[in-house]
Amino acid sequence: MALSVAAVSGYTAQPGRPAASAKAPERNVARAGTFGVLQIATTDPQRLFVEWAKPTPGVAVTNATRVRRNQPIVTFIIFQGCKPDASGNCKVTADFEVTAPNGRLYHKAKGAEVWVGRKAPPKGALQLSVGGLGLKVEDKDPLGPYRVRATVTDHVAAVVLRTEQTLTAVAD
């Protein structure tokens, strides 16, 4: 059986432009000073990595908002403006919390690496997180909206940003 994304929204990530200019729903975007984050989800993370690695001025990012049962989906953070430490490295992590359609906690992950021990990206540049949160709504799980909340922390700057995205699980 072929699985597909039922609905997607598109973004174009432009280096040197604030994350909010990517025209994402407001809940998916947060900013404090120069530090900004955009939460996205994809059913094709390998394609996202390939597209992100291309030496072009912008990246077309498809944000999945609907997913079929048993179809893996991964949430990533696109960020800019992390504060480097004395060695020039950033320390940005994310805590994820997923709530099922019935309001119960579905999954929780703490301390996911966004950008840890890596050189700060150039000023104004957008950067894709190193890791993300992978999910798969299984047959035993309810269909409907799953809320994925991300609490992203720049530990050097002592800045915490929160985003939220709704992923709707639908039948095959």
Side-chain angles (χ1 to χ4, degrees), residues 1 3-11 13 19-20 22-33 35-49 52 61-83 90-118 126-172:
M1 165 182 337
L3 301 175
S4 64
V5 175
V8 296
S9 300
Y11 303 113
K23 297 181 183 174
E26 287 184 29
R27 295 178 317 189
N28 292 25
V29 177
R31 181 180 254 348
F35 185 51
V37 299
L38 167 66
Q39 180 184 345
I40 63 163
T42 181
T43 56
D44 193 352
Q46 294 307 316
R47 180 173 171 223
L48 175 61
F49 291 140
W52 196 269
V61 178
T62 300
N63 185 43
T65 58
R66 293 172 65 89
V67 63
R68 296 199 183 278
R69 272 197 202 274
N70 298 306
Q71 179 183 29
I73 190 163
V74 182
T75 295
F76 289 98
I77 302 295
I78 295 174
F79 70 96
Q80 70 176 47
C82 61
K83 183 177 180 179
C90 290
K91 184 177 181 185
V92 180
T93 61
D95 296 337
F96 292 98
E97 184 174 291
V98 183
T99 306
N102 60 13
R104 294 185 182 192
L105 180 64
Y106 180 75
H107 184 73
K108 195 173 195 175
K110 292 190 144 296
E113 181 180 354
V114 174
W115 204 251
V116 176
R118 298 170 185 272
L126 296 175
Q127 180 62 53
L128 180 64
S129 60
V130 172
L133 174 70
L135 296 171
K136 183 167 69 170
V137 176
E138 299 175 336
D139 292 331
K140 65 180 173 48
D141 299 322
L143 295 175
Y146 285 75
R147 286 192 177 152
V148 181
R149 292 181 180 96
T151 301
V152 183
T153 304
D154 181 335
H155 296 272
V156 177
V159 174
V160 177
L161 299 176
R162 291 176 176 80
T163 60
E164 180 180 309
Q165 179 165 8
T166 300
L167 305 175
T168 303
V170 297
D172 295 333

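Being a predicted model, the structure only gives us computed values, none of them experimental.
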(message) side-chain contact (heavy atoms from CB on, under 4.5 Å), that's the test. Do L128 and F49 meet it? Break it down for me.
(response) CA-CA 9 Å; L128 180 64; F49 291 140; 3.7 Å; yes
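- Shown here are the ring-ring contact (aromatic ring centres under 6.0 Å, His included) partners of Y146, two or more places apart in sequence or in another chain: Y106.
- Residue F76 comes nearest to G131 through the heavy atom pair CD2-O, 3.6 Å, listed as atom of the first residue, atom of the second, then distance.
- Put simply, the side chain of T42 does not reach to within 4.5 Å of the side chain of T62, judged on heavy atoms.
- Note that SG of C90 is 6.5 Å distant from CZ of F79, once rounded to the nearest 0.5 Å.
- Closest heavy-atom contact between A150 and F96: CB-CE2, 3.7 Å.
- Separating the CG atom in D44 from the CD atom in Q71 is a distance of 9.5 Å, to the nearest 0.5 Å.
- Pairing each heavy atom of L143 with each of A169, the nearest pair is CB-O, 3.6 Å.
- Counting only distance, with no hydrogens or angles, the side chain of R69 and the backbone of E138 share a donor-acceptor pair below 3.5 Å.
- With R68 contributing its side chain and V170 its backbone, the two residues share no donor-acceptor pair below 3.5 Å.
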Name every donor-acceptor pair, under 3.5 Å, that has one atom in a side chain of residues 98-105 and the other anywhere in the protein, sequence neighbours excluded.
from: T99; atom 1: OG1; to: R149; atom 2: NH1; distance (Å): 3.1
from: N102; atom 1: OD1; to: R104; atom 2: N; distance (Å): 3.0

(request) Please step through side-chain contact (heavy atoms from CB on, under 4.5 Å) for the pair N63 and Q165, ending with a clear verdict. (result) CA-CA 10 Å; N63 185 43; Q165 179 165 8; 2.9 Å; yes
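- Panel note: side chain T153, backbone H155; no donor-acceptor pair is recorded below 3.5 Å.
- Atom CD of Q80 is separated from atom CD of Q127 by 11.0 Å, given to the nearest 0.5 angstrom.
- Contact between P142 and V137 at its shortest, heavy atoms only, is O-CG1, 4.0 Å.
- In terms of heavy-atom proximity, G36 sits nearest to L161 at CA-CD1, 4.2 Å.
- Between R162 and E97 there is no salt bridge, since no side-chain N of the basic residue sits under 4.0 Å from a carboxylate O of the acidic one.
- Looking at V159 and K83, their side chains never come closer than 4.5 Å, going by heavy atoms from C-beta outward.
- For the pair L167/T75, a side-chain contact is recorded, criterion being any heavy-atom separation below 4.5 Å from C-beta on.
- Counting only distance, with no hydrogens or angles, the side chain of D154 and the backbone of V92 share no donor-acceptor pair below 3.5 Å.
- In this structure, N28 CG and Q39 CD are separated by 5.5 Å, a value rounded to the nearest 0.5 Å.
- Across all non-hydrogen atoms, the minimal contact from R147 to T166 is CG-OG1, 4.1 Å.
- One finds the CD atom of E113 at 9.5 Å from the OG1 atom of T93 (value rounded to the nearest 0.5 Å).
- Remark: of the listed residues I40, V114, V29, I40 is the sole one forming a side chain to side chain contact (heavy atoms under 4.5 Å, CB included) with I78.
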